Amino acid sequence: MEKFVINGGNALKGTVKISGAKNAAVAILPAVLLSDSPCTVENLPEISDVSTILKSMSALGADIKAINKSSVVIDPRPVKSYVVTKEMAEGMRASSYFLGALLGRTHHARVAPPGGCDFGVRPIDQHIKGFEALGAKVIIESGMVDAKAKALYGSSVYLDKVSVGATINIMLAAVKAKGLTVIENAAREPHIVDLANFLNSMGANIMGAGTGVIKIRGVENLHGTVYSIIPDQIEAGTYMVAAAATGGDVLVENVTPKHLESIIAKLVEAGATVNEYDEAIRVSMKKPPKKCNIQTMPHPGFPTDMQPQIATFLAIAEGTSIITEGVWDNRFRYVDQLTLMGADIQVDGKMAVITGVKGLKGAPVKAVDLRAGAAMVIAGLMASGITEITEIDHIDRGYERLTEKLSALGAQIKRVVVPKPSSNLKQA
Ligand code: UD1
């Protein structure tokens, strides 16, 4: 077990380079299974969610060779299995993408139900609705989701709720189905566009990704490709908020500014100075933030995956801010941890009322999920004194070389091994 130890109070200054997008990588890698020849995927982030997906693909039979730290060549031809067990998926949410990818590949997939961060019920009814519309029979038995079809036929699917996961899974299943599939009320996140671009580079015929209506004309075969994943919007947003929250001045490089508009808008509203360049954004802040109200929404709204980080920043704002969570039922579990550091936040259902305090104080806290963990890191950087963050395996799922990147910006943060409790203590 490891923990982060942060000696807070330093303003972040310098340049940070953003890695490839986690949420694009975890969709694009399973999509390789649809190809009839090897694919090269570049700009993969070095994070545990990517290694888990690669391990699962290798267990399925794919031949994977690393070219360097961020690129792999994957030959999906040896894959014979259609089963992804709970052990292979290691509790990852994105394991559900094997359902769409394997269903599209061999018309049969058997996958353990997805895990991932715990922020309330995470249903997959819209994924199933899409598979069924394409002609698959989906049953849940012995703790596995089993989707099977003789053949898949294009169809119209209206999503009752805008869902990133369902949009991706239906795209994966439909890309080689016979005829035209139309996904209405589709999610519009940048990683959905990235997946469509990847599949199109393999010979797919997908139109409208990035809008609410995606049209997929099925093709017989998909071929190998060389593809580079987009920069991670949420990693970029996290460093932008960390820069502002510490009163720093940071150039965030290798980003797509268009993907960051909602985050930029809120930072500017809170008083930060934000300069946009072609592939970089500079964020600086000299005064305490001003209060600001935020509602999270599907893209292009403010991303729910930035909610804990921005709430932490607003914990020291002048005045009272209100954050409304518009995507998940229970995404404020981290608030108890922030309160331990002196924040004044009241949660009522899907709303948090944040009364700004002068400053945060270092304390032992834990990362309750991935983005909540990133928020604890920001809190530790803002706080006076020492903050120790445990359960950082959540953070390692989504942030590449976090301590190195932050140290280069002047943060005092280190990763420390936590000794296992001795057997005597265990018995006590
Ligand atoms: C993805 C992201 C996650 C992000 C979330 C919202 C990946 C790997 N994960 O998660 O980081 O927090 O989008 O931007 O890309 N819903 C249903 N039925 C379904 C599916 C979803 O009701 O079948 C609901 C969910 O309960 C939730 C909302 O739709 O309220 C959004 O979920 P969804 O976009 O599917 O999230 P994920 O794909 O799991």
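Ligands are counted one by one from 1 in listed order, and the atoms in each one are counted from 1 as well. Quick caveat: nothing in here was measured; it's all calculated off a predicted structure.
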At less than 4.0 angstrom from any non-hydrogen atom of [X], what atoms of ligand 1 do you find?
| X | value |
| --- | --- |
| Q126 | 18 (N), 19 (C), 23 (O) |
| R331 | 12 (O) |
| T304 | 6 (C), 12 (O), 14 (O) |

Sub-3.5 Å N/O-N/O distance, [X] and ligand 1:
| X | result |
| --- | --- |
| S163 | yes |
| G165 | yes |
| V26 | no |

Do we see a donor-acceptor contact under 3.5 Å between the side chains of [X] and [Y]?
| X | Y | value |
| --- | --- | --- |
| Q126 | D160 | yes |
| T304 | E325 | yes |
| T238 | Y399 | yes |
| S71 | E42 | no |

Basic-acidic side-chain contact under 4.0 Å: [X], [Y]:
| X | Y | result |
| --- | --- | --- |
| E141 | R110 | yes |
| D232 | K22 | no |
| E132 | K129 | no |

(Q) Do T246 and M285 have side chains that approach each other closer than 4.5 Å (heavy atoms only, starting at C-beta)? (A) no

Q) Looking at ligand 1, does H191 have a heavy atom less than 4.0 Å from it? A) yes

(Q) Below 4.0 Å from ligand 1: does a non-hydrogen atom of P123 turn up there or not? (A) yes

Q) Which residue from L159, V162, V164 reaches closest to atom 1 (C) of ligand 1 through any of its heavy atoms? A) V164

How does [X] reach ligand 1, if at all, at less than 4.0 Å between non-hydrogen atoms: by side chain, backbone, both, or neither?
| X | result |
| --- | --- |
| D125 | both |
| D160 | neither |
| K161 | side chain |

